[in-house]
Student: 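Okay, here's the structure, questions in a sec.
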Amino acid sequence: MSAKGDLAKSYFKEGYNCSQSVTLAFSDEIGIEKSRLLRMVSSFGGGMGRMREVCGAVSGMFFVAGALYGYDDPKDMQAKKEHYARIQELAARFRAQTGSIVCRELLGLDGKDSSPVPSARTSEYYKKRPCPEMIALAASVMEEYIQEQDG
């Protein structure tokens, strides 16, 4: 595991959601004040508001990629193409190690979870959930990608 992976995992164990944990690990690189950054990505936890869709750790990784490498000109089709390819590459790296980027699949859940109530962070929670490992993996994949870009 990478330094960013360890850091992201520690944020999760402090109580931040999966997306916040990954994003917060890169807050210095992103350059957005931490409380604002945490609010910006708070919706993505639990697979988008606990609906168990795209894994929040993956969404956090994508947010970091957008903050660092995203495009801002809607008419720059080349930049858009390059960024979407980047996101697909990051997803493929994560999926290659987990089999999915979908929260409910990673958790082995049937269907969607419509309850907005977050699970209590007990020792039992941490024993049965792969979330800390998914968070560490997403941050590690992003850290590796950044290192490759900085070459």
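Start at 1 with the first residue, then count along the sequence.
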Student: Mind checking whether S27 and I32 have side chains closer than 4.5 Å, heavy atoms only?
Tutor: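 No, side chains not in contact.
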
Student: Strictly below 4.0 Å, N to O, side chains only: are K127 and E124 in salt-bridge contact?
Tutor: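 E124 and K127: salt-bridged.
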
Student: Which atom pair, heavy atoms only, marks the closest approach of V141 to M61?
Tutor: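 Smallest interatomic distance, heavy atoms only, reads CG1-SD, 3.7 Å.
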
Student: What closest approach, in Å, do D72 and P74 show between heavy atoms, and which atom pair accounts for it?
Tutor: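 Heavy-atom minimum between the residues: O-CD, 3.5 Å.
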
Student: Report the residues that fulfil side-chain contact (heavy atoms from CB on, under 4.5 Å) with P118, sequence neighbours left out, ordered by chain and then residue number.
Tutor: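 By the side-chain contact (heavy atoms from CB on, under 4.5 Å) rule, P118 matches no residue at all.
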
Student: Give a yes or no answer on whether the side chain of K9 reaches the backbone of A136 with a donor-acceptor pair at less than 3.5 Å.
Tutor: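 It does not hold such a pair.
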
Student: If you round to the nearest 0.5 Å, how far is CG of L107 from OG of S100?
Tutor: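 Taking OG in S100 and CG in L107, the distance rounds to 10.0 Å.
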
Student: If you look only at pairs with a residue in residues 31-81, which of them pass as a ring-ring contact (aromatic ring centres under 6.0 Å, His included), with sequence neighbours excluded?
Tutor: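 Sorted result for residues 31-81: Y69-Y145.
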
Student: Can you give me the closest heavy-atom contact between I87 and A65, atom names plus distance?
Tutor: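 Taking I87 first and A65 second, the nearest heavy atoms are CD1-CB, 3.8 Å.
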
Student: For the side chain of R121 and the backbone of F12, is there at least one donor-acceptor N/O pair under 3.5 Å apart?
Tutor: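 Yes, the answer is positive, given that a donor and an acceptor are paired below the 3.5 Å cut-off.
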
Student: Do you know the tightest heavy-atom contact between A138 and V22?
Tutor: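 Shortest heavy-atom separation between A138 and V22 comes out as CB-CG2, 4.1 Å.
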
Student: Sequence neighbours left out, what passes side-chain hydrogen bond (donor to acceptor under 3.5 Å, both in side chains) with Q147? Give chain and number order.
Tutor: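 With neighbours one apart ignored, the set is empty.
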
Student: What residues, two or more places apart in sequence or in another chain, satisfy side-chain contact (heavy atoms from CB on, under 4.5 Å) together with Q88?
Tutor: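 Once residues adjacent in sequence are excluded, Q88 has no partner under the side-chain contact (heavy atoms from CB on, under 4.5 Å) criterion.
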
Student: Can you name the side-chain contact (heavy atoms from CB on, under 4.5 Å) partners of D73, sequence neighbours left out?
Tutor: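 With neighbours one apart ignored, the set is K75, D76.
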
Student: So, using side-chain contact (heavy atoms from CB on, under 4.5 Å) as the criterion, who are the partners of L68 when residues are at least two apart?
Tutor: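 L68 satisfies side-chain contact (heavy atoms from CB on, under 4.5 Å) with E29, V64, I146 once adjacent residues are dropped.
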
Student: Which distance, rounded to the nearest 0.5 Å, do you find between the OG1 of T98 and the CZ of R93?
Tutor: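 One finds 14.0 Å between OG1 of T98 and CZ of R93.
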
Student: Going by the salt bridge (charged side-chain N to carboxylate O under 4.0 Å, His left out) test, which pairs reach into residues 56-69, not counting sequence neighbours?
Tutor: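 Not a single pair qualifies under salt bridge (charged side-chain N to carboxylate O under 4.0 Å, His left out).
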
Student: Is the count of non-hydrogen atoms from other residues, nucleotides or ligands lying under 6.0 Å from D150 atom CG greater than 12?
Tutor: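 Counting neighbours around CG of D150, more than 12 heavy atoms of other residues, nucleotides or ligands fall under 6.0 Å, so yes.
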
Student: Scan L37, V41, I135 and name whichever one has a side-chain contact (heavy atoms from CB on, under 4.5 Å) with Q20.
Tutor: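 Among L37, V41, I135, the one meeting side-chain contact (heavy atoms from CB on, under 4.5 Å) with Q20 is V41.
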
Student: Could you pull out all residues at least two apart from Q78 that satisfy side-chain hydrogen bond (donor to acceptor under 3.5 Å, both in side chains)?
Tutor: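 Partners of Q78 by the side-chain hydrogen bond (donor to acceptor under 3.5 Å, both in side chains) criterion, ordered by chain and then number, come out as E82.
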
Student: When rounded to the nearest 0.5 angstrom, what distance separates CZ in R95 from CG in L106?
Tutor: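 Separation between the atoms: 10.0 Å.
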
Student: Each residue besides L38 in its hydrophobic cluster should be listed here, by chain and number; the cluster joins Ile, Leu, Val, Met, Phe, Trp and Tyr at side-chain heavy-atom distances under 4.5 Å.
Tutor: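 Members besides L38, by chain and number: L7, Y11, Y16, L24.
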
Student: Which residues satisfy the side-chain hydrogen bond (donor to acceptor under 3.5 Å, both in side chains) test with Q149, sequence neighbours excluded?
Tutor: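 Here no residue qualifies.
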
Student: Search all heavy atoms of S59 against all heavy atoms of V54 and return the closest pair with its distance.
Tutor: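 Looking at all heavy atoms of both residues, the shortest contact is OG-CG1, 3.7 Å.
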
Student: To check you understand the geometry: which heavy-atom pair defines the closest contact between R129 and S119, and what is its length?
Tutor: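 It is NH2-OG, 3.8 Å.
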
Student: Is there any salt bridge (charged side-chain N to carboxylate O under 4.0 Å, His left out) pair reaching into residues 31-48, and which pairs are they, with sequence neighbours excluded?
Tutor: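 Output for this query is empty, none listed.
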
Student: Would C103 and M51 count as a side-chain contact (heavy atoms from CB on, under 4.5 Å) here? Give the steps.
Tutor: CA-CA 9 Å; C103 177; M51 292 187 294; over 6 Å; no

Student: Could you go step by step and tell me if V58 and C18 meet the side-chain contact (heavy atoms from CB on, under 4.5 Å) rule?
Tutor: CA-CA 9 Å; V58 172; C18 37; over 6 Å; no

Student: According to side-chain hydrogen bond (donor to acceptor under 3.5 Å, both in side chains), who are the partners of S2, at least two apart in sequence or on a separate chain?
Tutor: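 Result, side-chain hydrogen bond (donor to acceptor under 3.5 Å, both in side chains) vs S2: S140, E143.
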
Student: Are the side chain of N17 and the backbone of G46 linked by a donor-acceptor contact shorter than 3.5 Å?
Tutor: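 Absent.
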
